[in-house]
Amino acid sequence: QVQLVESGGGLVQAGGSLRLSCAASARTFSSYAMGWFRQAPGKEREFVGHIMRSGGSAYVADSVKGRFTISRDNAKNTVYLQMDSLKPEDTAVYYCAAGIGSSRELVPNYWGRGTQVTVST
């Protein structure tokens with residue numbers, strides 16, 4: 001089992017920045033690709049981005065490309081989502097996931113409980 005705990009969400013004005021963190025319980029953290037998804041009210045959960053096990057490759061959705069960056073620190077069992085130039089449409093609950101990754105997708109095996117991000121105008 002892998003337990004994932006997100007932190008760093010909150011309220012920010014449009015154009016601002018937030019950094020989300022996701023701490024994993026597993027000593028095998030580096031065995032998993034890690035990713036971020038989000039779900040806005042009334043919408044389906046959508047992929048934001050993921051990073052491969054070594055951290056050498058990362059992928060983000062077109063909707064956040066150039067604004068969001070994913071990184072990881074395997075020594076700290078933590079993955080990060082740096083969000084810059086935030087827009088009101090980025091408002092959502094952000095979920096961390098651990099699973100199997102490829103250049104095309106992340107297939108999650110484990111989920112965190114989510115952290116709320118609200119971007120005001």
Side-chain angles (χ1 to χ4, degrees):
Q1 276 287 8
V2 177
Q3 294 184 331
L4 304 172
V5 179
E6 302 96 335
S7 62
L11 174 64
V12 64
Q13 287 189 330
S17 298
L18 281 176
R19 188 176 81 154
L20 305 184
S21 299
C22 172
S25 63
R27 288 179 291 176
T28 54
F29 176 76
S30 61
S31 298
Y32 295 94
M34 300 296 298
W36 291 92
F37 294 75
R38 67 185 182 185
Q39 187 166 19
K43 295 187 177 181
E44 294 185 353
R45 190 173 297 188
E46 66 172 353
F47 168 78
V48 175
H50 75 281
I51 187 166
M52 302 301 279
R53 294 178 295 176
S54 67
S57 298
Y59 309 88
V60 295
D62 288 343
S63 59
V64 304
K65 195 166 291 183
R67 301 188 298 120
F68 290 12
T69 304
I70 296 176
S71 62
R72 66 188 293 165
D73 186 338
N74 286 346
K76 295 183 178 180
N77 285 7
T78 302
V79 62
Y80 305 96
L81 180 65
Q82 177 67 41
M83 304 185 294
D84 299 317
S85 302
L86 282 160
K87 304 176 181 179
E89 51 263 45
D90 295 318
T91 295
V93 177
Y94 283 71
Y95 297 91
C96 176
I100 299 172
S102 69
S103 61
R104 297 182 61 185
E105 64 178 354
L106 172 71
V107 179
N109 296 119
Y110 303 99
W111 292 94
R113 292 189 174 186
T115 185
Q116 176 71 46
V117 171
T118 303
V119 184
S120 64
T121 56

Checklist entry - L4, W36: one ILVMFWY side-chain cluster at the under-4.5 Å cut-off? => result yes
Next on the checklist: Minimum heavy-atom separation for G99 and L106, please, with both atom names.
Outcome noted: C-CD1, 3.9 Å
Item to check | Close side-chain approach of L18 and Q82, heavy atoms under 4.5 Å | outcome: no
Item to check | E89 atom CD, neighbour heavy-atom count above 12 within 6.0 Å | outcome: yes
Next on the checklist: Quick one, D84 with S17, criterion side chain to side chain donor-acceptor pair (under 3.5 Å). Give me CA distance, side-chain angles, the key distance, then yes/no.
Outcome noted: CA-CA 4 Å; D84 299 317; S17 298; 2.8 Å; yes
Checklist entry - For A40 and A92, which heavy atoms make the closest approach, and how far apart are they? => result N-CB, 3.8 Å
Item to check | Check: T28 side chain, S31 main-chain N or O, donor-acceptor pair, under 3.5 Å | outcome: no
Checklist entry - Out of curiosity, E6 CD to Q116 CD, how far, rounded to the nearest 0.5 Å? => result 12.0 Å
Next on the checklist: Within this structure, what is the CD1-CG distance for the pair I100 and N109, rounded to the nearest 0.5 Å?
Outcome noted: 5.0 Å
Next on the checklist: Looking at every non-hydrogen atom in both residues, tell me the closest pair between T78 and S21 and how far apart they are.
Outcome noted: CG2-CB, 4.3 Å
Item to check | Hphob cluster co-occupancy, V119 + F68, side-chain heavy atoms under 4.5 angstrom | outcome: yes
Checklist entry - Cationic tip of R113 within the cone over Y95's six-membered ring, i.e. under 6.0 Å and within 45° of the normal? => result no
Checklist entry - So, do C96 and V79 sit near enough that their side-chain heavy atoms are less than 4.5 Å apart? => result yes
Checklist entry - Quick one: does NZ or CZ of R72 land under 6.0 Å from the six-membered ring centre of Y32, within 45 degrees of the ring axis? => result no
Item to check | Residues, nucleotides or ligands: over 12 heavy atoms within 6.0 Å of Q3 CD | outcome: no
Checklist entry - Can L86 be reached from V60 by stepping across I, L, V, M, F, W or Y side chains whose heavy atoms are under 4.5 Å apart? => result yes
Checklist entry - How long is the gap from SG on C22 to CH2 on W111, to the nearest 0.5 Å? => result 11.0 Å
Next on the checklist: Check for me, please, whether M52 and M34 land in the same ILVMFWY cluster - side-chain distances under 4.5 Å, paths through other members count.
Outcome noted: no
Next on the checklist: Please give me the minimum heavy-atom distance between N74 and S30, naming the atom from each residue.
Outcome noted: ND2-CB, 3.6 Å
Checklist outcome for this item: The reported gap from CD1 in I70 to CE in M83 (rounded to nearest 0.5 angstrom) is 11.0 Å
Item to check | Joint hydrophobic cluster, V48 plus I51, side-chain heavy atoms closer than 4.5 Å | outcome: yes
Item to check | Which residues share a ring-ring contact (aromatic ring centres under 6.0 Å, His included) with F47, sequence neighbours left out | outcome: F37, H50
Checklist outcome for this item: Result for side-chain contact (heavy atoms from CB on, under 4.5 Å) between V117 and one of L81, L20, D90 points to L20
Checklist entry - Counting N and O atoms only, with roles assigned by atom type, does the side chain of R67 sit under 3.5 Å from a partner on the main chain of S85, one being a donor and the other an acceptor? => result yes
Checklist entry - Is the number of heavy atoms from other residues, nucleotides or ligands within 6.0 Å of CZ (R53) greater than 12? => result no
Next on the checklist: Between R38 and Y94, does the side chain to side chain donor-acceptor pair (under 3.5 Å) criterion hold? Intermediate values first, please.
Outcome noted: CA-CA 4 Å; R38 67 185 182 185; Y94 283 71; 2.9 Å; yes
Next on the checklist: Counting C-beta onward and ignoring hydrogens, is there a side-chain heavy-atom pair between Y110 and P108 closer than 4.5 Å?
Outcome noted: no
Next on the checklist: Suppose we screen for side-chain contact (heavy atoms from CB on, under 4.5 Å). Which residues come up paired with L11, at least two apart in sequence or across chains?
Outcome noted: T118, S120
